[in-house]
Amino acid sequence: MYNRLILYLKGFIMIQELQALLKVSAQKLYFTNNQVDFMLKNIGNTDPYIRDNLVYMLFATGFMNKAFTFDQQEYIINYFFANDLLFKDILEPQNDFVFTRSFSALLGGILLEFDEDSGILSDNQRNRLFKWSIQYLQLESDYRGFVTNKGWAHAIAHGSDFLGNSLSHTKFHLSNVSELFITLKKVINRLENPFMDEEETRLASAFKLGVQAENISVEDFIKGIQYIDKELWTQYDATKLITCYRLHTWTHILHHWLIFFSNDSEIKSIIELKLNNYYQKMGYNF
């Protein structure tokens, strides 16, 4: 009983310390090693205030303002890799570790964004993050958005943000770009209900960033569109609602790309072709 009380008081004091850091100016922001350790161990805390408002916000602010010491940066990076945060219980039935995975995906994105400017990651670490940003979306099956009393899980959205940080990185390289579209198809084909929380926007944005950074060629992007479109139409069955949800999700992504690539006539034309085909097959004959 006494030990539990001590742990509770230590946690309470730490939360107060982190709350105070939110009010510190960028120039004066500083973290103790104990604070960094607490943040890492609570990256998936089921209390949304601790996880979102404190831990995630302070990681983002800390890296953006270069408030972590070099040793702390190294500790965060090594902890991220050593503790398998991104894939914690990812193959198990739906569980609360989705918060650890989802917010670790956001941290992975923060690390890549910081690396773009500072080169803090080794080639091996950077390439592992590139690879993991794809693998995470291939494996994540918890599609919950907002969870009552626990806040945002939003794993597919956060995983998409992580992928976008990879695809926009100047050192990103993937020998087989088709893997990206196979991954997107897997995400869509795991759907049992429609997305509810703008996940399609985040998925579409990741690919837009890849094309914009020229890490996905226009030719490969168009091939990817044709591949997924064909696959989803092949499995479509109007009597099976699940295939309708998946095809409808695909059209949402296409609509986002239609806006994102409005100035690229080659990409725009193929998207319009696929959308027109969808509307015609669905009986919208105007």
Side-chain angles (χ1 to χ4, degrees), residues 11 15 18-19 22 38-61 64 80 84-111 113 132-166 183-209 241-242 244-257 259-260:
I15 288 170
L18 296 181
Q19 286 175 324
L22 293 174
F38 179 89
M39 288 162 61
L40 285 167
K41 290 177 179 176
N42 285 274
I43 196 167
N45 196 303
T46 53
D47 183 327
Y49 178 76
I50 295 174
R51 184 186 66 248
D52 296 36
N53 298 60
L54 294 180
V55 174
Y56 167 68
M57 188 63 68
L58 287 171
F59 270 132
T61 303
M64 181 175 65
F80 183 93
D84 201 29
L85 298 178
L86 190 63
F87 300 103
K88 183 69 174 176
D89 277 10
I90 199 167
L91 298 180
E92 299 300 318
Q94 193 176 86
N95 58 73
D96 283 343
F97 280 117
V98 66
F99 296 102
T100 297
R101 300 192 299 269
S102 179
F103 281 80
S104 295
L106 290 179
L107 178 56
I110 290 170
L111 293 176
E113 191 171 351
W132 283 3
S133 68
I134 299 170
Q135 289 180 336
Y136 176 67
L137 284 174
Q138 290 176 345
L139 294 174
E140 182 60 79
S141 61
D142 193 329
Y143 281 29
R144 288 177 294 173
F146 188 84
V147 181
T148 304
N149 297 324
K150 297 176 182 179
W152 289 101
H154 224 194
I156 299 304
H158 293 175
S160 300
D161 294 344
F162 184 22
L163 180 63
N165 287 116
S166 285
T183 299
L184 179 55
K185 188 191 72 170
K186 286 182 178 179
V187 171
I188 295 172
N189 272 340
R190 277 198 301 265
L191 276 170
E192 296 182 359
N193 294 289
F195 280 129
M196 299 295 291
D197 298 298
E198 296 293 319
E199 287 87 350
E200 298 100 329
T201 312
R202 308 280 270 274
L203 285 162
S205 176
F207 282 79
K208 163 62 176 177
L209 289 170
L241 199 55
I242 199 169
C244 301
Y245 291 152
R246 292 166 181 173
L247 189 60
H248 190 58
T249 295
W250 173 234
T251 65
H252 278 195
I253 293 172
L254 288 174
H255 274 112
H256 288 305
W257 282 340
I259 301 300
F260 294 166

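Nothing here was measured: the structure is a model prediction, and the numbers come from that model.
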Non-hydrogen atoms of Ser133 and Ser166 that approach each other most closely: OG-OG, 2.8 Å

Leu163 and Tyr136, any side-chain heavy atoms less than 4.5 Å apart: no

For Lys208, side-chain hydrogen bond (donor to acceptor under 3.5 Å, both in side chains) partners two or more places apart: none

Leu203 CG to Trp250 CH2 distance, which is reported to the nearest 0.5 Å: 10.5 Å

Note, Leu191 side chain near Ile242 side chain (heavy atom, < 4.5 Å): no

Interatomic spacing from CD in Gln19 to CD1 in Ile50 - rounded to 0.5 Å: 9.0 Å

Partner of Lys150 by salt bridge (charged side-chain N to carboxylate O under 4.0 Å, His left out), out of Asp96, Asp52, Asp47: Asp96

Glu198 side, atom CD; Ser205 side, atom OG - distance, nearest 0.5 Å: 12.0 Å

Glu113 atom CD, over 12 foreign heavy atoms within 6.0 Å: no

Between Trp132 and Phe87, ring centroids under 6.0 Å: yes

Residues 152-159 side chain polar contacts: donor-acceptor under 3.5 Å, at least two apart:
from: His154; atom 1: NE2; to: Asp197; atom 2: O; distance (Å): 2.9
from: His158; atom 1: ND1; to: Ser102; atom 2: OG; distance (Å): 2.6

Under 3.5 Å: donor-acceptor pair, side chain of Arg51, backbone of Gly44: no

CG-CE distance between Leu58 and Met64, expressed to the nearest 0.5 angstrom: 11.0 Å

Between CZ on residue Phe99 and CD1 on residue Ile43, distance to nearest 0.5 Å: 13.5 Å

Verdict with supporting geometry, Leu22 and Thr61, side chain to side chain contact (heavy atoms under 4.5 Å, CB included): CA-CA 9 Å; Leu22 293 174; Thr61 303; 5.7 Å; no

Side-chain heavy-atom pair Ile253, Ile188 within 4.5 angstrom cut-off: yes

Audit row: Val55, Phe103, side chain to side chain contact (heavy atoms under 4.5 Å, CB included) steps and yes/no: CA-CA 9 Å; Val55 174; Phe103 281 80; over 6 Å; no

Side chain to side chain contact (heavy atoms under 4.5 Å, CB included) between Leu54 and Tyr49, worked out: CA-CA 7 Å; Leu54 294 180; Tyr49 178 76; 3.7 Å; yes

Enclosure of Phe195 CZ (heavy-atom neighbours >12, cutoff 6.0 Å): yes

Residue pair Phe97, Asp142: steps toward the side chain to side chain contact (heavy atoms under 4.5 Å, CB included) verdict: CA-CA 10 Å; Phe97 280 117; Asp142 193 329; over 6 Å; no

Pairwise side-chain contact, Arg101 with Asn95, heavy-atom cut-off 4.5 Å (strictly under): yes

His252 versus His256, side-chain donor and acceptor atoms under 3.5 Å: no

Flag, side chain of Tyr143 to backbone of Val187, donor-acceptor distance under 3.5 Å: yes

Backbone of Arg190 reached by a side-chain donor or acceptor of Arg246 within 3.5 Å: no

Heavy-atom side-chain contact between Phe59 and Leu106 under 4.5 Å: no

Any side-chain heavy-atom pair of Phe260 and Phe207 under 4.5 Å: no

Gap separating the CG atom of Leu107 from the OG1 atom of Thr100, nearest 0.5 angstrom: 11.5 Å

Contact summary for Met196 and Glu199, nearest pair of heavy atoms: N-OE1, 3.6 Å

